[in-house]
Amino acid sequence: MEYLLGIQGKDFVLVAADNVAASSIIQMKHDYDKMFKLSEKILMLCVGEAGDTVQFAEYIQKNVQLYKMRNGYELSPAAAANFTRKNLADYLRSRTPYHVNLLLAGYDDTDGPGLFYMDYLSSLAKAPFAAHGYGAFLTLSILDRYYKPDLTKDEAVGLLKKCVEELNRRFILNLHSFTVRLIDKEGIHDLEKITIGTKGPITA
Amino acid sequence: MALEDICSIKDISVYHKWFSSSSWEDTVSPLQMTDYRKCGLTGGGPLHFFIPTTHSVTVCRPFTLSHGTTTLGFIFQGGVIAAADTRASAGGLVACPHVHKITPIHSHLVVTSSGSGADCMLWERILTREIRLYQLRNKRRLSIRATAKLLSFMLHPFKGTDVCVALTLCGWDKEAGNTDCATTPQDSSFLTGHSASAAVCSQHDTTIGCSASPNNGPHLIYVCSDGARLEGDVISVGSGSPYAYGILDGGLNWNLSREEAISLAREAVFRATHRDAYSGNNVDLFHITAQGWKQREREDLRDEYYRDMERRAKAVERKIDTQLTVCGQKLG
């Protein structure tokens, strides 16, 4: 139903998420943002069960900010990813496991860009590119085929557009718009939303 | 509920004999006077008390639970419209044909309910209580968005249990906007209503940074016992919601007049009640502006149905007439 994508380039990470907030068969929102800013250079993309996503993401977000307040410096993306995974793992075998799938993307001043894939069973993997959702079945092969470790920003956006086109052609659900953001040493940048068709009010 | 707490009636030894503890009661420690000092929270944290224990037993119901309803809300230039039907169903039975599904919380906030009737009624009361307590403690009203977040956090411990509550908060925030947060041009254009298409409309759920929307103005937020919390411009909830969306999506735009908006909301609820078996009877309509909420008189949809039938019959008559005259002209 929901789709997340992350592509790591030479010195940046490009992330995209669809904008649909659905409740059974109804799209309740067409412009929902699934990205949570953990710090100046770390973004977390979170999909999964309705309430769990926001609760868990905000919990991680506040804790990362608290770390900065207490210690005076920010958590690195790798540390934030491991912290997130630990929390997921702790809750996994409790009465209230969080059913969320995550992509954590960040830029570390020493280690460079990093993209971390996490799923609801609290597995963690650092990957050059990753996707979540049914759309991942359709797009991972495209990423395998065209990905290069030294992608430029434009090439990465081109690759993202290829994936979106494929979803538009073959995916049974209509994911008509995607939020796109880029993280590099300057921070988080909003790129132009990718939209397919319009979702405004129907004019007669 | 409130009087019970203040009188510390639960301390009486015979309390548990008189009132068998329901599973909900057990999970909430009574809000006695001493608790405020003990917990050490200056604001008073309602979350402190809402922790379900493991021994909450699922009660076996003698009737099937059904979430039949049509409620809707939308924002337009003249404020917020909230509309709902008035049927409470239990399986195939109309348990009550004149329920109030829209409840005012305070002068500038109403909440439409869907899901289990008892749960909604309870959680509306709890929400009203918490909002009022906040207002008394902090000398200012909680914003609509904060109200929604509070409700969502209060419902979170009950996720996975049988609590079924889907509320839409429709209200107007009156306090002066937060001066720390800069307004982006997108948002100000949205609030003043200059042709906002979905692509331009910024989403109020600011998960990126603090920036963006000022708090002022109309808000429409959906809160559900699953944990979902969505702010939007058009929200419809319930078994009749797909039908209502069909009418709303076609007729809604920012520049509707008050009468047009009311008529659209009525039409949407009417069409939904026509198709959905679990919605029906009457339609309640509330209009919320900066001055507060105003309730429209409850209207029986049966009359609307007969009017619609008449209109169709007249349209068919006219069509036959024109066809006859055309034939007449051809022959003549």
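The chains referred to below are lettered A, B, ... by the order of the sequence lines, with proteins before strands, and numbering in each begins at 1. Computed from a prediction, not measured in an experiment: that's the story for all the values here.
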- line: Distance col, row B:Ile235:CD1 vs A:Ile26:CD1, nearest 0.5 angstrom, shows 12.0 Å

query: More than 12 heavy atoms of other residues, nucleotides or ligands under 6.0 Å from NZ of A:Lys62: is that the case?
result: yes

- prompt: For A:Arg70, does the CZ atom sit with more than 12 other heavy atoms under 6.0 Å from it, leaving out its own atoms?
  reply: no

Worked verdict on A:Glu49 versus B:Asp226 for side-chain contact (heavy atoms from CB on, under 4.5 Å): CA-CA 8 Å; A:Glu49 207 176 310; B:Asp226 292 338; over 6 Å; no

message: Is the shortest side-chain heavy-atom distance between B:His156 and A:Thr96 below 4.5 Å?
response: no

A:Asp52/B:Lys159 under side-chain contact (heavy atoms from CB on, under 4.5 Å): CA gap, chis, key distance, verdict: CA-CA 9 Å; A:Asp52 287 353; B:Lys159 191 177 153 100; 3.2 Å; yes

Listed partners of A:Thr179 passing side chain to side chain donor-acceptor pair (under 3.5 Å), at least two apart: A:Asn19

message: Side chains of B:Phe153 and A:Gln55, heavy atoms from C-beta outward: is any pair under 4.5 Å?
response: yes

field: Point-to-point distance, once rounded to the nearest 0.5 Å, from SG of B:Cys224 to CE of A:Met28
entry: 9.0 Å

Atom pairs and distances, side-chain donor-acceptor, residues 162-171 of chain A, under 3.5 Å, sequence neighbours left out:
unit_1   : atom_1 : unit_2   : atom_2 : d
A:Glu166 : OE1    : A:Arg169 : NH1    : 3.4

- prompt: Going through the distances and angles, do A:Tyr32 and B:Glu231 end up as a side-chain contact (heavy atoms from CB on, under 4.5 Å)?
  reply: CA-CA 9 Å; A:Tyr32 187 65; B:Glu231 181 159 1; over 6 Å; no

field: Donor-acceptor contact below 3.5 Å, side chain A:Lys29 vs main chain B:Leu230
entry: no

field: Contact class of B:Ser236 relative to chain A, heavy atoms under 4.5 angstrom
entry: backbone

task: Check whether any side-chain heavy atom of A:Val54 lies under 4.5 Å from a side-chain heavy atom of B:Arg229, and answer yes or no.
output: yes

- prompt: Counting heavy atoms not belonging to A:Lys126, are there more than 12 under 6.0 Å from its NZ?
  reply: yes

message: Taking OH in A:Tyr134 as the centre, count heavy atoms belonging to other residues, nucleotides or ligands within less than 6.0 Å. Is the count above 12?
response: no

